[in-house]
Every structure is written in C-alpha cells, then in structure tokens.
Engineer: 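To start, I am sharing the structure in question, which I have written as structure tokens.
Chain letters run A, B, ... following the sequence lines, proteins first, then strands; residues in each count from 1. This is a predicted model, so every value here is computed, not measured.
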Amino acid sequence: MHVGGIRSALFNWLWARHTGGVSVLRLEDTDRARYVEGAPDQICDSLEALGIKPDEGPREGGKYGPYVQSERLALYAQHAAQLLESGALYRCWCSPERLTKLRAEAQAAGVAFKYDRHCLKPENHGDESAPHVLRFRTPEAPASIGWDDAVRGRLDFKLADLDDFVAIKADTYPTYHFANVVDDHLMEISHVLRADEWLPSTPKHLLLFAAFNWQPPTYAHLPAVLGPNGNKKLSKRDGAQSVQEYLDEGYLPEALRSFLASLGWNDGTTQEVYATDELIKNFTLERIQKSPAKFDKERLTWMNGLMIRQMDLDELLRRTDGFWPPEATNSSLDYRRQVLGLVQERLKFLRELPELTRFFFAEPDYADGLLAAEAASDRYAETSLRDCLAAARQAVENLDFSEASLETALRPLAEAMGVKTGLLFGAIRLAVTGQKSAPGLFETLHALGRETVLRRLDKALKQL
RNA sequence: GGUCCCAUCGUCUAGUGGCCUAGGACACCGGGUUUUCAUCCCGGCAACCGGGGUUCGAGUCCCCGUGGGAUCACCA
C-alpha cells in the first residue's frame, strides 16, 4: 500500500471519526488478470499498523458484507439484468481488434475515444450465448451532468463527451464503475473521499446512479500526492515507498498520520503537528486543498524526530522492539532503557538505533583508523592523546562512576593538564566509544560502568 | 490532441476584498548555550506565474494567456 493510497484511507477514516460515522473498507478485486496474491492482507495489515483500521471490512465484518467484490458477483448480475431490461445497458460483441482500430482512429482524429454503438443496431446483434460485454447507453438528455464536489465545488461534464463504457466484462465480472456504484448504494455509503484521478469518471457513476434511480453519495476528490522530484504522481520511480517500508524504517504511526494529514489538509492555524485526536476533532472537508502536494520526506523525518523526543521513555522503549543492534540481545531491559534515554533526542527514526548505540553493547575495535588518525592530528601536538587517556584512566579508576563523581574528577583534570576540556573529553570519548560523537560523556561513562570503561581505555592505550 | 482540474517562499502551507511591508513550519545559512553530536534558543535567506478587467482598494473576484497535472481500457 502506497503513501498516496494510505492518505486517502486516512482522510476517509478521519472524516468518519469526525462525524461519528463508519469507515468502510471494500476490496475491489474485479480484475482477475491483475490480482496479486496476498495483496488484500497487505492492505488490511497496513491500515492496522497505521492505526486507521476500518469499522467495517473484510476482516471486521459488518451488516453490508461481503466486503470483497469477487464475492458479490450475483448482486452485480442481478442489477445488470435490471438495467439491461430497462435499456440502460446493451450487449456488445465487438472484438478487441475492432475497438483497437476505433481507438486508433479517434487518436488520429484528435478526439477522445467514444464507442460507435455498432452493436446497438439490431442487424449487428450477435448470439446472446456468445461472449459479450454490457455497455452503458449514455443518454442524450440532459445535455450535461454534474455534482457539487465537497472539495472542488460545482463540476459539470457534457454527456456528448462521454463514452458508452463497459459495465459488465466478457468474463461476467463487473467493471469498477458498475460494481462501485452498486456497492456504494447497497452499503449506504454517504461520502466518498477518493483520489483526483477519479474526477473524469465520476459522471459515469452519476449516470449509473440515475439509471437505477438511486441517490449518489457526496464526492470529495482529493488532490494528488506528487513525488519529491518531479511533478508526476507519486510512484515507485520517484522513490516512493510503501507504508510498510516507512514502518520498517522506524517511522511512528502517529507521525505518519500527522504528516500525511498535512498533505492536502490543514485547519487554518499555524499548528504543524497534530495528535490523532486533534486531527479527528479538526478535520473537515472544506479545509482540504485543491492543489496537489509533494511528498517531502525531510519534513516527515523532522516530525518523526520531534515525536520521538516528546514521547515518554517507557513508551518509546516499547516501540523500539526489533530495532536494537544484534549485540544488544543479551542486555537487560533496564540497560536498554538507560541507553535509549541517552539517545532519545538524537533519534530521527528507529532504524538509526544501531548506529547510535552499538558501542553501548559491543567493544569498539578502532579498526576504522579513527583513533590513530586523531592521535596524529595537530590538536594533540602539545599533549598527546595517549597522555590524555593515561591521565584519565588514573583519575577515574577508583571512582564510583556516578555522573557527578566523574565530572568532579575529569573537569579539574583538564585544568591540571593545561588542556581544554574538549580535548580531554574528546580523547576519552573516542577511546571509550570508538566515535567522535556520542551522548554526553559523563552519562555515557556512567552507563558503561567502571569495568568496561577501564578495559576500553587500556585497549586504546595499548594501540597507541 | 479532446475533456476536466490546478496555480503563494525549494517544500508543506496561512490568507475567503482593506488586518499583507504576504505569516508559520521543513530544509538551508549565520549566531548563542554546550565536552562532541544532537537538543534548545535567537537571527537570516526565500513566494503571490503573466496580462487585462471589476473595485476607492486584489494574493484574495472575473476574463484571457502561460505553466503543471489527471483522464480518454472488457485497470482500478
């Protein structure tokens, strides 16, 4: 499930929550050729993982089921028969070859394709037992059909431009247009918030509703979500990722919800980040944007980091399951909690956890040459890195390793040695963590404990 | 090409005729706090697509351009 699709799902879900309504998930699997094994589960999983589980659907059930179109074929057949009877639908035996030719002609003429109603003529009727499709007979009147779109406003289309679209395919499955209309009516759908690309086919749906003498739902066509680079619709080519991939990278569901909501919607204030209950409270159709939005991952990442920082430590700890470096496996939960507290303000997404915390669980080996390079740098020309480490080792070897005792031992040491604290602390940090940047030195040393710190200092000393 | 939609900083956006010298946020660039990184704080850069109207007054309303997008299937 794509981020664009999930944004549509989110808006529907928010609107249902906002109005005290019910959100419905319906699987529209009427294209047997494109059916992907496992896709339904993946869709349901994504919605659940994002915390926007529908109220009714294939998994949830509900009184309007089944919620899978391939299980509702009898319903479509029955309604198609009704429209065939009334003359709104007619049989068409035209071959794909003939249609392809017609389409090529239309393109050459510079007009949109419209079926020529060849099979409407009695003399062209085929055998009813032979494979054929059912087309919708676009009426001559009224001249145009339109609706008040909840986000676009009044929209009108001329019937003369509309094609006699296929309602039932040769394999007896309904097309999207037909199944969608029948189901929206049968399931008593009041609001349809769907992507922009459906705009041109909405007149077809309206015509179908009229043919059945049914009341159409309120439509709200959502602006597209564009890829970060071009102005094209978000797609795999643009590096678009599935919801599951974002979750795997350690983006929080609540951050994804807040960010996705901001793509094409805002409440008119300067608030940037929303808790989900605020989203539900403030979400209205009138505030949905008309113009498309680009997916800006940097902004998502910022929002995610912000929410990580603001999260209760124990809650964050629960969310980090599966994100720790393998070396952390045997560590206690208490220790992991302590470590997490030290990196919380640096975490942008959970996948960063290993690189930020590995040294808390594994010995640095200085194999990257950083230690040697630092030792050779001009900064340690006056006082060598080795001297710094040796002095530090001596200063801390008998401490209780509380943060306070470490600080009262090390600050004066720098002064006594006549070096800047940054230089001394940097040396210790590098020896103990193997990195040039890490959480605060005293917190880090305290977390690691005396035994580990001394061992690492000795190891570094030995290599210099 | 036909039909339809859209148009404010690089990006997400505020703006519903005077509160606009166009606001906020991300990113970026400075500065401060600090033992590093990060956080946090302060500051800066940066936009109404163009042209005509309407109006005392237009980012806001109308028209025409221009640009971008969607769609034109027995796919959804």
Engineer: Can you check the distance between B:G51 and B:G67, where both ends of the measurement are the C1' atom (answer in whole Å)?
Structural biologist: 15 Å
Engineer: May I ask which nucleotide in the shown strands pairs with B:U36, Watson-Crick or G-U wobble, both distances under 3.5 Å?
Structural biologist: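 Because no pair has both required distances under 3.5 Å, B:U36 counts as unpaired.
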Engineer: Nearest to the side chain of A:F425, heavy atoms from C-beta on, is which of B:C5, B:A70, B:U35?
Structural biologist: B:U35
Engineer: Between A:R26 and A:D184, is there a side-chain N and carboxylate O pair less than 4.0 Å apart?
Structural biologist: yes
Engineer: Closest to the A:L155 side chain: B:A25, B:C5, B:U3?
Structural biologist: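 The closest nucleotide is B:C5.
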Engineer: Is A:K204 near enough to B:C4 that one of its side-chain N or O atoms lies under 4.0 angstrom from OP1 or OP2?
Structural biologist: no
Engineer: Could you give the distance separating B:G32 and B:A58 at their P atoms, to the nearest angstrom?
Structural biologist: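 Rounded to whole Å, the distance is 45 Å.
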Engineer: Applying side chain to side chain contact (heavy atoms under 4.5 Å, CB included), can you list everything that pairs with A:R91, at least two apart in sequence or on another chain?
Structural biologist: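 Scan of A:R91 (side chain to side chain contact (heavy atoms under 4.5 Å, CB included), adjacent residues dropped) gives A:L84, A:W93, A:E128, A:H132, A:L134.
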Engineer: Tell which nucleotide pairs with B:A58, taking only Watson-Crick or G-U wobble pairs whose two distances are both under 3.5 angstrom.
Structural biologist: none
Engineer: Who is the Watson-Crick or G-U wobble partner of B:C19, with both distances under 3.5 Å?
Structural biologist: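 Because no pair has both required distances under 3.5 Å, B:C19 counts as unpaired.
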Engineer: Could A:E254 and A:R319 be called an ion pair, given the rule that one side-chain N must be under 4.0 Å from one carboxylate O?
Structural biologist: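 Salt bridge flag = yes for A:R319 with A:E254.
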Engineer: Go ahead and name the base partner of B:U11; Watson-Crick or wobble counts if both distances stay under 3.5 Å, otherwise write none.
Structural biologist: B:A25
Engineer: Across all strands shown, which nucleotide pairs with B:G2 by Watson-Crick or G-U wobble geometry, both distances under 3.5 Å?
Structural biologist: B:U71
Engineer: What about A:F259 and A:F295, are their ring centers closer than 6.0 Å?
Structural biologist: yes
Engineer: Of the candidate nucleotides B:C40, B:U36, B:C37, which contains the atom at the shortest distance from the side chain of A:R346?
Structural biologist: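 Nearest to the side-chain atoms of A:R346, counting from C-beta on, is B:C37.
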Engineer: Can you figure out which of B:C6, B:A76, B:A73 approaches the side chain of A:R34 most closely?
Structural biologist: B:A76
Engineer: Taking only the C1' atom of each, what is the distance from B:C19 to B:U54 in whole angstrom?
Structural biologist: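 Those two atoms are separated by 23 Å.
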Engineer: What about A:R103, does its side chain sit under 3.5 Å from the base of B:A73 through a donor-acceptor pair?
Structural biologist: no
Engineer: Regarding A:D163 and A:K114, does a basic nitrogen lie under 4.0 Å from an acidic carboxylate oxygen?
Structural biologist: no
Engineer: For B:C40 and A:R309 - does any side-chain N or O of the residue sit under 4.0 Å from the phosphate oxygens OP1/OP2?
Structural biologist: yes
Engineer: Quick check: on RNA chain B, is the nucleotide nearest A:L306 upstream (toward 5') of the one nearest A:L263, or the reverse? Name the residue that is more 5'.
Structural biologist: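 On the 5' side of the pair lies A:L263.
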Engineer: For the side chain of A:R411, counting heavy atoms from C-beta on, which of B:C74, B:A76, B:U35 is nearest?
Structural biologist: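 Among B:C74, B:A76, B:U35, the one nearest the side chain of A:R411 is B:U35.
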Engineer: Can you check the distance between B:U66 and B:U21, where both ends of the measurement are the C1' atom (answer in whole Å)?
Structural biologist: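 B:U66 and B:U21 have their C1' atoms separated by 29 Å.
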Engineer: When rounded to the nearest Å, what value does the distance between C1' atoms of B:G18 and B:C4 take?
Structural biologist: 35 Å
Engineer: Given B:C6, B:C26, B:A76, which nucleotide is nearest the side-chain atoms of A:K169?
Structural biologist: B:A76
Engineer: Can you tell me how far C1' in B:C9 sits from the matching atom in B:G59, rounded to whole Å?
Structural biologist: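 Approximately 13 Å lies between the C1' atom of B:C9 and that of B:G59.
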Engineer: Could you label the plane-to-plane angle of the A:W198 and A:H177 rings as parallel, tilted or perpendicular, counting under 30° as parallel and over 60° as perpendicular?
Structural biologist: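 Perpendicular.
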Engineer: Please confirm whether the shortest side-chain N or O distance from A:Q289 to OP1 or OP2 of B:A7 is below 4.0 Å.
Structural biologist: no
Engineer: Roughly how far apart, to the nearest Å, are B:A22 and B:U13 at atom C1'?
Structural biologist: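 Result for the C1' pair: 13 Å, nearest Å.
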Engineer: Select one nucleotide: of B:C72, B:A76, B:C4, the one nearest the side-chain heavy atoms of A:K158.
Structural biologist: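 Of the options given, the side chain of A:K158 lies nearest B:C4.
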Engineer: With the side chain of A:V133 defined as its heavy atoms from C-beta on, choose the nearest nucleotide among B:U13, B:C74, B:U35.
Structural biologist: B:C74
Engineer: Looking at B:G24, B:G15, B:C74, which one has an atom nearest to any side-chain atom of A:T270?
Structural biologist: B:G24
Engineer: Quick test of your reading of the model: are A:K101 and A:E105 salt-bridged, counting only N-O distances below 4.0 Å?
Structural biologist: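 A salt bridge links A:K101 with A:E105.
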Engineer: So which nucleotide from B:G15, B:A27, B:G2 ends up closest to the side chain of A:R287?
Structural biologist: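 Closest nucleotide to the A:R287 side chain: B:G15.
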Engineer: Considering every strand shown, what is the Watson-Crick or G-U wobble mate of B:A47 when both distances are under 3.5 Å?
Structural biologist: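 Across all strands, not a single nucleotide pairs with B:A47.
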